[in-house]
Amino acid sequence: MFEKILIANRGEIALRVARACRELGVRSVAVYSVADRDSAVVRLADEAVCIGPPDARQSYLNAAAIIEAARKTGAEAVHPGYGFLSEDADFAEICADNGLVFIGPRPEVMVALGDKSKARALMSDAGLPLPPGSMETLGTVAQARAVAEEIGYPVIIKCAAGGGGRGMTVVLSAEDLASAYDRTRIVGQAAFGDDRVYVERYLSPARHVEVQVLCDGYGNGVHLGTRDCSVQRRHQKLIEEGPAPALSGVTLDAIAETALRGALRAGYTGVGTFEFLVDEAERFQFIEINCRIQVEHPVTEMITGVDLVHEQLHIAGGVPLRLRQEDVRLQGVAIECRVNTEDPDRNFMPTPGRLTRFIPPNGPGTRTDTHGYPGYLVGPYYDSLLAKVVVWAPDRDLALGRMERALHEFEVDGPGVHTTIPFIRRVLDDAGFRKGRYSTGLVDRLLGVPDSPKDSVPASSAHLSRRTR
């Protein structure tokens with residue numbers, strides 16, 4: 001095990017990693033921007049180094065400043081958390097060049113899987129079912145139009161380097177394709193420095209189901225079940241739960257086993273998430289891989305009892321996987337709600353401000369991951385995620401009841417500060433959601449978005465996947 005790890009992130013995930021380090025007897029180094037000098041992780045980590053001004057490009061995305069902080073403090077490894085540099089293969093390579101262990105997949109694996117178009121081709125070779133679409137990026141509107149006409153509308157144009165729900169445009173008809181193609185490329189260049197795009201058939205209605213995998217550097221791997229992430233606004237997840245509800249056990253097992261096969265084929269190491277779309281007949285199709293810890297990882301931890309950050313650190317330290325597949329037992333149901341400082345009544349506009357009151361929920365089966373505290377200043381510079389409320393119960397009905405109770409207990413107040421809690425309650429009250437029969441169109445329907453896809457997913461018999469080329 002390492003003696004000292006630098007945490008190249010901020011907010012609740014940085015605090016989560018710092019706590020895991022302390023539990024394992026590892027010293028932690030927090031890096032922070034000027035805006036985060038009063039953050040909880042700065043107080044609780046063993047050491048803290050300021051790496052720049054509030055602008056993330058000059059701090060949390062400044063690889064040189066982070067490497068210098070690691071060298072200055074004698075850190076042996078870097079935990080990137082999620083977002084920022086967590087899926088940046090160049091940063092992983094820079095860490096290796098400076099004698100630092102990057103806690104994540106090897107750079108060459110990140111290159112292959114971080115590029116969504118390349119990941120499609122690799123997973124197709126591994127036998128995973130895919131939505132119909134291009135196996136290579138498309139350099140012209142004419143190429144994109146040809147693919148769309150072949151596979152049929154609606155289609156979705158995706159940035160090859162996309163992530164975090166950005167860089168995706170749904171196209172309902174041929175008339176809209178050219179403008180959507182140009183718009184997506186502009187987003188890709190601005191957000192990721194890469195304007196390459198590809199086209200897939202857009203599946204709607206569909207469930208968004210993901211699988212947590214855990215692999216070591218010796219060819220061993222396990223899956224830790226499924227999570228449903230269908231409650232999304234603009235491809236940003238709001239509520240996650242595991243196991244994915246209202247799907248047959250045969251389908252859940254097939255999705256999980258398929259994901260693990262893909263991970264082992266790719267030579268994956270560490271924790272990762274394979275994402276799938278599931279249609280009304282329970283046929284599933286691979287869409288992408290997240291080469292990092294996920295925001296919603298507590299859901300898996302609650303139903304498996306496996307500490308994913310601990311496992312990340314052990315694997316990065318060269319320890320063989322401590323679990324076998326038969327050791328993984330899924331128990332009960334866990335649900336996570338993301339509490340963001342946004343105003344749902346004003347199109348989810350961010351609402352920065354100082355928290356004058358902050359009392360997170362507690363009680364049986366309840367976990368709150370947060371970096372907030374009374375007096376904390378929610379700034380305008382970064383993601384608006386303030387807390388993740390996670391509940392566990394033996395069954396889904398009780399889990400829903402516990403989440404309602406937990407959100408009722410959660411007190412957040414401050415001048416101008418709003419949260420997404422009222423809207424989350426609307427989702428929890430929805431009849432389709434309560435039955436576990438909903439799709440990625442649920443949030444749009446609740447918001448009254450025109451032309452939103454239907455979100456009900458009717459009951460169906462179990463079906464194994466059908467490979468689609």
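Throughout, numbering of the chain's residues begins at 1 and tracks the sequence.
- For the residue pair T73 and E47, no side-chain donor N or O sits within less than 3.5 Å of a side-chain acceptor on the partner.
- Within 6.0 Å of atom CD in E3, 12 or fewer heavy atoms from other residues, nucleotides or ligands are found, so the atom counts as exposed in its surroundings.
- Residues R227 and T273 have side chains that bring a donor and an acceptor to within less than 3.5 angstrom of each other.
- Checking side-chain atoms of T370 against main-chain N and O of L386 turns up a donor-acceptor pair under 3.5 Å.
- Of the inter-residue distances, the one linking L428 atom CG with L407 atom CG reads 6.5 Å to the nearest 0.5 angstrom.
- In this structure, the separation between CG on D228 and NZ on K237 is 10.0 Å, given to the nearest 0.5 Å.
- One N or O on the side chain of T351 and one on the backbone of H418 form a donor-acceptor pair closer than 3.5 Å.
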Would you sort out whether F423 and L447 count as a side-chain contact (heavy atoms from CB on, under 4.5 Å), showing the intermediate values? CA-CA 10 Å; F423 183 76; L447 292 174; 3.5 Å; yes
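- Using a 4.0 Å cut-off between charged nitrogen and carboxylate oxygen, R434 and E404 count as a salt-bridge pair.
- With respect to I5, the side-chain contact (heavy atoms from CB on, under 4.5 Å) criterion is satisfied by exactly one of L313, V29, L100: L313.
- Remark: side-chain polar atoms of R37 are paired, donor with acceptor, to backbone N or O of V34 under 3.5 angstrom.
- Nearest heavy-atom pair across I13 and G81 is CG1-CA, 3.9 Å.
- With hydrogens and angles left out, the side-chain atoms of Q312 and H79 include a donor and acceptor closer than 3.5 Å.
- With contacts defined as side-chain heavy-atom distances shorter than 4.5 Å, the pair E409/T366 does not qualify.
- Ion pairing of K388 with E296 is absent here, as no side-chain N (NZ or NE/NH1/NH2) approaches a carboxylate O to less than 4.0 Å.
- Ion pairing between R292 and E87 holds under the 4.0 Å rule for side-chain N and carboxylate O.
- Counted within 6.0 Å of OH on Y381, heavy atoms from surrounding residues, nucleotides or ligands total 12 or fewer; the atom is thus considered open.
- Here the side chain of D216 pairs a donor or acceptor atom with the backbone of L321 at under 3.5 angstrom.
- The shortest side-chain heavy-atom distance between V306 and V328 does not fall under the 4.5 Å cut-off.
- Counting only distance, with no hydrogens or angles, the side chain of T226 and the backbone of L252 share no donor-acceptor pair below 3.5 Å.
- Interatomic distance, M1 CE to L24 CG, rounded to the nearest 0.5 Å: 5.0 Å.
- Cation-pi check for R16 over Y82 is not met; the charged atom does not lie both under 6.0 angstrom from the ring centroid and within 45 degrees of its normal.
- Salt-bridge check for K72 with E68: failed, with every basic side-chain N at 4.0 Å or more from each acidic carboxylate O.
- At distances below 3.5 Å, at least one donor-acceptor pair connects side-chain atoms of R329 with backbone N or O atoms of E326.
- A donor and an acceptor atom, one from each side chain of R10 and S59, are nowhere located under 3.5 Å apart.
- The pair R367-E336 does not count as a salt bridge, with every side-chain nitrogen at least 4.0 angstrom from each carboxylate oxygen.
- Taking the charged nitrogens against the carboxylate oxygens, E282 and R207 have no contact shorter than 4.0 Å, which rules out a salt bridge.
- Pairing each heavy atom of E301 with each of L308, the nearest pair is OE2-N, 2.8 Å.
- Here the straight-line distance linking atom CZ of F286 with atom CD of E210 works out to 12.5 Å at 0.5 Å rounding.
- V78 pairs with exactly one of L6, V101, I94 by the side-chain contact (heavy atoms from CB on, under 4.5 Å) rule, that one being L6.
- Taking a cutoff of 4.0 Å between a charged side-chain nitrogen and a carboxylate oxygen, R322 and D327 do not qualify as a salt bridge.
- Between R120 and E200 a salt bridge is recorded (basic side-chain N to carboxylate O distance below 4.0 Å).
- With hydrogens and angles left out, the side-chain atoms of N290 and E275 include a donor and acceptor closer than 3.5 Å.
- Under the 3.5 Å distance criterion, the side-chain polar atoms of H371 are matched with a main-chain donor or acceptor of E12.
- R426 places a side-chain N or O within donor-acceptor distance of the main-chain N or O of L446, the cut-off being under 3.5 Å.
- The closest side-chain heavy-atom distance from T440 to S204 is not below 4.5 Å.
- Ring pair Y382/F84 is perpendicular by interplanar angle, where above 60° counts as perpendicular and below 30° as parallel.
- Looking at W392, its side chain does come within 3.5 Å of a backbone N or O of Q331 through a donor-acceptor pair.
- To the nearest 0.5 Å, the span separating CE on M403 from CG on L398 amounts to 12.0 Å.
- Ring-centre distance between H208 and F276: not below the 6.0 Å cut-off.
- Between S439 and S230, the side chains place no donor N or O within less than 3.5 Å of an acceptor N or O (distance only, hydrogens not considered).
- Partner of F274 under the side-chain contact (heavy atoms from CB on, under 4.5 Å) criterion, out of V213, L260, T258: V213 alone.
- Aromatic rings of Y32 and Y60 (six-membered ring for Trp) have centroids beyond the 6.0 Å cut-off, not under it.
- Side chain of Y268 to backbone of M110: no donor-acceptor contact under 3.5 angstrom is found.
- Atom CG of residue D115 and atom CZ of residue F192 lie 12.0 Å apart, to the nearest 0.5 angstrom.
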Determine, step by step, whether T169 and T184 satisfy the side chain to side chain donor-acceptor pair (under 3.5 Å) criterion, reporting the C-alpha distance in whole Å, the side-chain angles of both residues, the deciding distance to 0.1 Å, and the verdict. CA-CA 6 Å; T169 307; T184 308; 2.7 Å; yes
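- For R43, the CZ atom sits in a packed shell: over 12 heavy atoms of surrounding residues, nucleotides or ligands are nearer than 6.0 Å.
- The shortest non-hydrogen separation linking C215 to A263 is SG-CB, 4.0 Å.
- Taking the six-membered ring for Trp, Y373 and F358 have ring centres at least 6.0 Å apart.
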